[in-house]
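Only one structure is covered here, and it is reproduced in the block below.
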Amino acid sequence: MIDKIKMVLFVLILGTILSSALISVNTFTTPLIERNQAVKLQKTVLSAFGYSYDADNLDEMYNKNITALGEGETLHYKGENGLIAFPYKGKGFQGEITGIIAMEADIQTISGLAILSQVETPGLGSRIGEESFLSQFPGQKFSPELVFTSAGNAESQNEIDGISGATLSSKAIINILNDNFAGFKNIVEGE
Amino acid sequence: MAESKSVKTIMNGIWRDHPVFSMLLGICSALAVSNKIENAIAMGAGVTFVLLATGIIISLLRKIIPKQVRMIVYMITIASFVIIVDRVLKAYFPEISDSIGPYVGLIITNCIIMGRAEGFYVANNLGQSFLDALSNGFAYTYTLVAVAAVRELLGFGTLLGFQVMPDFMPRWVVMSMAPGAFFVLGTLIWITKTISGQTED
């Protein structure tokens, strides 16, 4: 009997100590993590608009060039350079992909694409975040929508080369953009 | 010359009882995050840190852990430190966290840590456990880096992100995917078993 009580007490005490360690780590890191997320959002928006920035002038660049309009579902961004950007999100191969797409005033031509968060397989699907893939999008048009082609075959204005080894993730992001595109005009007209 | 206990612990960890080659532990994470050297190093460092922390806690408490609940004790210790690693990575190294994020949680299920806790830390003092954690963590890391070096070179043509292979060399896409890891790890296990002369009984 005494053994059983000792056993329960031991687990209880160890659990309490470890939980308090976790709580203190959590309190300590939460503001830093939130700050990192805010910084990442600013960076993503700036790079979708095609502004260059560095760590020192991030806030300044953001405040000078970008105005956020609407909220929730109708959130979008206007840039000093006349572009307009929308957040997009949808289901990737492994989980949710979110990001920012900047469009020209016609709301049909893409001028920049950036990914905010994705949990695709590291080293495989995660390569949709690489410059070589994202740099295909500027200049392409939703006419009437983006089309996936296998690597090296993109020709027309609405075709995007997939990444071999990351076919499903490349397809996923193109589908996400097509799905989200339908809502963009409504957001702007609703102003 | 008789080797001291510490030397024996280290040698066992990094070679004779190598956690991956000899005991075939931690295989799933070794397969999953070994496609780029960068990811391999980050994962190795995470596992080493959790091994060290678990080794210290378990060896210090080994005399008072009631033996009926020792598995639960390992589990909550390991889980707590994994969460700490995850939060610290997110707060201070957001880029590394983005690239291996989903796998950090999987350190909890890395059987090397559970295996060493049950097989070594619960029966040895702090100093020996510390050495054992360090050498096992090192063994796991160099294995991951070795597999990742082959896979990154053949699959992406780069090493640590720098282009090494000329552009005309075709990329072996299979190397950057899971089957490539099986080929490379299998070959490495074959080589190390042959060198060390270990065979199945």
Side-chain angles (χ1 to χ4, degrees), chain A residues 2-41 43-44 92 94-96 115-127 129-130 132 151 162-168, chain B residues 32-40 42-43 53 57-58 61 64-70 72-103 148 151-152 155-156 170-178 180-181:
Chain A
I2 203 89
D3 271 358
K4 289 219 172 97
I5 295 173
K6 263 171 78 180
M7 182 176 92
V8 172
L9 267 181
F10 184 86
V11 175
L12 209 65
I13 293 170
L14 187 69
T16 317
I17 296 173
L18 288 172
S19 313
S20 20
L22 285 184
I23 293 169
S24 38
V25 169
N26 195 45
T27 355
F28 197 67
T29 52
T30 302
L32 285 168
I33 293 174
E34 277 168 4
R35 171 75 193 141
N36 286 343
Q37 281 164 346
V39 166
K40 202 174 163 195
L41 177 64
K43 284 184 178 167
T44 312
Q94 301 279 17
E96 193 177 66
I115 290 178
L116 179 61
S117 70
Q118 49 131 327
V119 288
E120 302 305 281
T121 321
L124 294 175
S126 71
R127 289 159 66 205
E130 286 176 6
S132 55
I163 304 173
S164 51
T167 307
L168 291 171
Chain B
V33 280
S34 59
N35 55 3
K36 287 199 166 173
I37 297 179
E38 187 183 85
N39 296 346
M43 187 67 176
I57 301 263
I58 301 296
L61 296 177
I64 52 168
I65 297 177
K67 74 173 186 304
Q68 305 92 320
V69 289
R70 58 186 199 286
I72 299 174
V73 172
Y74 306 155
M75 210 65 244
I76 54 177
T77 316
I78 297 168
S80 308
F81 283 106
V82 169
I83 297 170
I84 292 175
V85 170
D86 190 37
R87 299 293 293 186
V88 169
L89 278 181
K90 276 205 181 98
Y92 296 100
F93 307 98
E95 269 116 45
I96 296 181
S97 171
D98 279 346
S99 75
I100 61 160
Y103 289 112
R151 292 181 64 193
E152 188 175 335
F156 299 100
R171 305 279 176 263
W172 299 19
V173 175
V174 67
M175 277 298 164
S176 57
M177 299 204 272

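Labels below follow one simple rule: chain letters A, B, ... track the order of the sequence lines, proteins then strands, and each chain is numbered from 1. This structure is a prediction, so every number in the text was calculated from the model and none was measured.
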task: Taking the side chain as every heavy atom from C-beta outward, state whether A/I33 and B/R87 have any pair of such atoms under 4.5 Å apart.
output: yes
statement: So CE of A/M7 and CD1 of B/I72: to nearest 0.5 Å the spacing works out to 7.5 Å
task: Can you measure from NZ (A/K6) to CD (B/Q68) and round to the nearest 0.5 angstrom?
output: 10.0 Å
query: When only pairs under 4.5 Å are counted, which of B/I57, B/I65, B/T77 shares the most heavy-atom pairs with chain A?
result: B/I65
field: Gap separating the OG atom of A/S19 from the CD1 atom of B/I83, nearest 0.5 angstrom
entry: 9.5 Å
- line: Taken to the nearest 0.5 Å, the spacing of B/K90 NZ from A/E34 CD works out to 12.5 Å
field: Side-chain heavy atoms of B/L61 within contact of A/L14, under 4.5 Å
entry: yes
message: Keeping A/N36 on the side-chain end and B/P94 on the backbone end, is there a donor-acceptor pair under 3.5 Å?
response: no
